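Counting convention: from 1, in listed order, for ligands and their atoms alike. The structure displayed is predicted, hence computed values, not measured ones.
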Amino acid sequence: MKRRNFIQNGAIGIMAGAAVPFSFSCTKEISTVGDATSILSTPLCDLLDIKYPIIQAGMADVAGPELVAAISNAGGLGILTATMVPPDILKQRIQKVRELTDKPFGVNLILHQDLFPPKEFEIDDSTVEEVQGFLNGFRNELGIPESKSKPPKLPPLIQMALDVIIQEKIPVFSVGLGNPSKDIVAKCHANGIKVMVMVSTLEDALSVYDNGVDIIVAQGSEAGGHRSTWEKKKSKEFAAIGALPLTSAIVSAIKIPVIAAGGIVNGKGLRAALALGAQGVLMGTRFIPTFESMAPQSYKQKILDSSSDNTTVTDVFTGMYARVLRNKFTEAYNDSNTPVLPPGRQYVATVDIIKEAGKRELPEFYSLYAGQGLDEIKEIISASEVVSNLVREAIES
Ligand SMILES: Cc1cc2nc3c(=O)[nH]c(=O)nc-3n(C[C@H](O)[C@H](O)[C@H](O)COP(=O)(O)O)c2cc1C
């Protein structure tokens with residue numbers, strides 16, 4: 001197999017005394033030869049000061065301090081969610097991560113152009129009536145108060161969280177659904193913060209590269225959670241490129257580290273990503289069923305019980321397209337032909353139902369974000385075991 005293009009100063013990986021089928025760039029000294037895991041060491045590991053190129057996605061309502069610290073302690077990079085987290089709570093969570101690990105970690109924010117800053121939308125009363133009328137059916141089933149009101153604009157929590165990230169000099173600022181401006185990137189760099197941005201098209205990769213970011217995450221359409229675009233596309237058919245062609249195209253076009261994401265759950269996925277020229281993987285869904293994740297127990301169990309064919313892409317939870325497990329919420333909403341409110345407003349309209357469903361372990365009414373790697377997720381284990389399994393499988397595969 002040919003040496004990969006981005007190899008600049010690395011050695012051919014050696015495993016058990018034999019050359020492995022393909023080589024990875026490795027800036028570590030010869031002393032790591034003989035350590036089988038050195039074949040996984042890419043320049044990204046040096047850039048982020050981590051042992052393995054395994055990054056945990058910053059997942060809203062899932063990635064708290066315990067999960068983040070466990071992954072960073074295991075040699076990967078944990079990323080704390082900051083989306084919709086008020087600044088005082090975010091500071092406490094950052095403090096907690098720092099108590100649990102002295103390793104690098106990241107903080108994630110979504111910078112969608114309709115949320116950052118929160119946009120004004122004209123929404124007519126009849127649409128609000130239709131949406132709330134439909135959602136009241138769920139509220140009645142859950143026994144929570146009905147609502148008739150127009151969902152208000154979101155508070156400016158994203159700007160507040162960004163200020164905290166900069167003040168706290170977090171090692172890595174991870175961005176989803178947005179293109180941080182040159183000013184934001186410069187401010188991060190001035191504070192020693194690396195900027196990692198997730199995109200789902202080559203065009204968006206070129207735009208974020210132009211703004212000076214350090215690392216690009218190529219998010220394939222297999223990914224769980226929101227499609228990483230900063231505007232809502234005409235339909236879910238857009239920006240829906242598989243991880244394989246997307247990663248390959250971005251690696252060919254851009255000479256900064258690229259991380260592959262979407263449906264990756266094991267060592268085979270990690271090897272495949274590296275073979276494409278990615279310097280690491282970012283995984284979300286595999287970390288939901290771990291002891292340390294903040295996800296409700298019934299959500300963790302659903303991930304184990306579901307197959308890769310059980311996901312759908314929908315905007316019914318937040319007004320932005322996201323891959324989730326089909327459940328009563330998604331199916332009844334679709335069947336009803338009820339309109340969906342604009343990005344963010346749909347979230348404000350549905351959040352009381354989702355929170356109640358999470359609290360009461362009722363997955364049929366919950367937003368079950370999940371990617372297409374489900375067929376190979378079999379058990380709830382510790383986050384560090386996920387990382388060590390990945391490393392072992394990648395070496396063995
Ligand atoms: C439960 C869940 C929540 C997510 N929340 C966020 C988020 O808040 N910010 C973000 O940038 N990406 C978020 N994502 C998307 C991930 O960044 C990533 O693209 C995805 O998890 C990769 O695919 P996989 O889930 O198949 O591993 C989320 C994904 C999941 C599964």
Derivation and outcome, side-chain hydrogen bond (donor to acceptor under 3.5 Å, both in side chains), residues N136 and Q132:
CA-CA 6 Å; N136 282 338; Q132 294 292 27; 5.7 Å; no
Ligand-residue contact atoms, ligand 1 with G176, heavy atoms, under 4.0 Å:
11 (O)
I want to check something: taking the side chain as every heavy atom from C-beta on, are E222 and I241 in contact at a cut-off of under 4.5 Å?
no
Measure M198 to ligand 1 on non-hydrogen atoms and call it side chain, backbone, both or neither using the 4.0 Å cut-off.
side chain
Does ligand 1 have a heavy atom under 4.0 Å from the side chain of I110, from its backbone, from both, or from neither?
side chain
With a 3.5 Å distance limit and no angle check, can you tell me whether N73 reaches the backbone of A69 through a side-chain donor-acceptor pair?
yes
For the pair D315 and K236, evaluate salt bridge (charged side-chain N to carboxylate O under 4.0 Å, His left out) and give the outcome as yes or no after the intermediate values.
CA-CA 9 Å; D315 54 358; K236 61 185 180 185; over 6 Å; no
Would you list the pairs meeting salt bridge (Lys or Arg N to Asp or Glu O under 4.0 Å) in which at least one residue belongs to residues 316-334, sequence neighbours left out?
E141-K328
Identity and distance of the protein heavy atom lying nearest [atom]:
atom                    : answer
atom 6 (C) of ligand 1  : G58 O, 3.1 Å
atom 11 (O) of ligand 1 : N108 ND2, 3.0 Å
atom 1 (C) of ligand 1  : Y299 OH, 3.3 Å
atom 21 (O) of ligand 1 : G284 CA, 3.3 Å

Who's closest to [atom] heavy-atom-wise, of [options]?
atom                    : options               : value
atom 24 (P) of ligand 1 : I288, T285, T81       : T285
atom 3 (C) of ligand 1  : M283, H226, M59       : M59
atom 15 (C) of ligand 1 : A57, G224, G269, A223 : G224

Looking only at heavy atoms of F287, does any of them come nearer than 4.0 Å to an atom of ligand 1?
no
May I ask you to establish whether K233 and Y321 are in a cation-pi arrangement, using a distance under 6.0 Å from NZ or CZ to the six-membered ring centre and at most 45° from the ring axis?
no
C188 vs V195, side chain to side chain contact (heavy atoms under 4.5 Å, CB included): CA-CA, chis, key distance, verdict
CA-CA 7 Å; C188 287; V195 184; 3.6 Å; yes
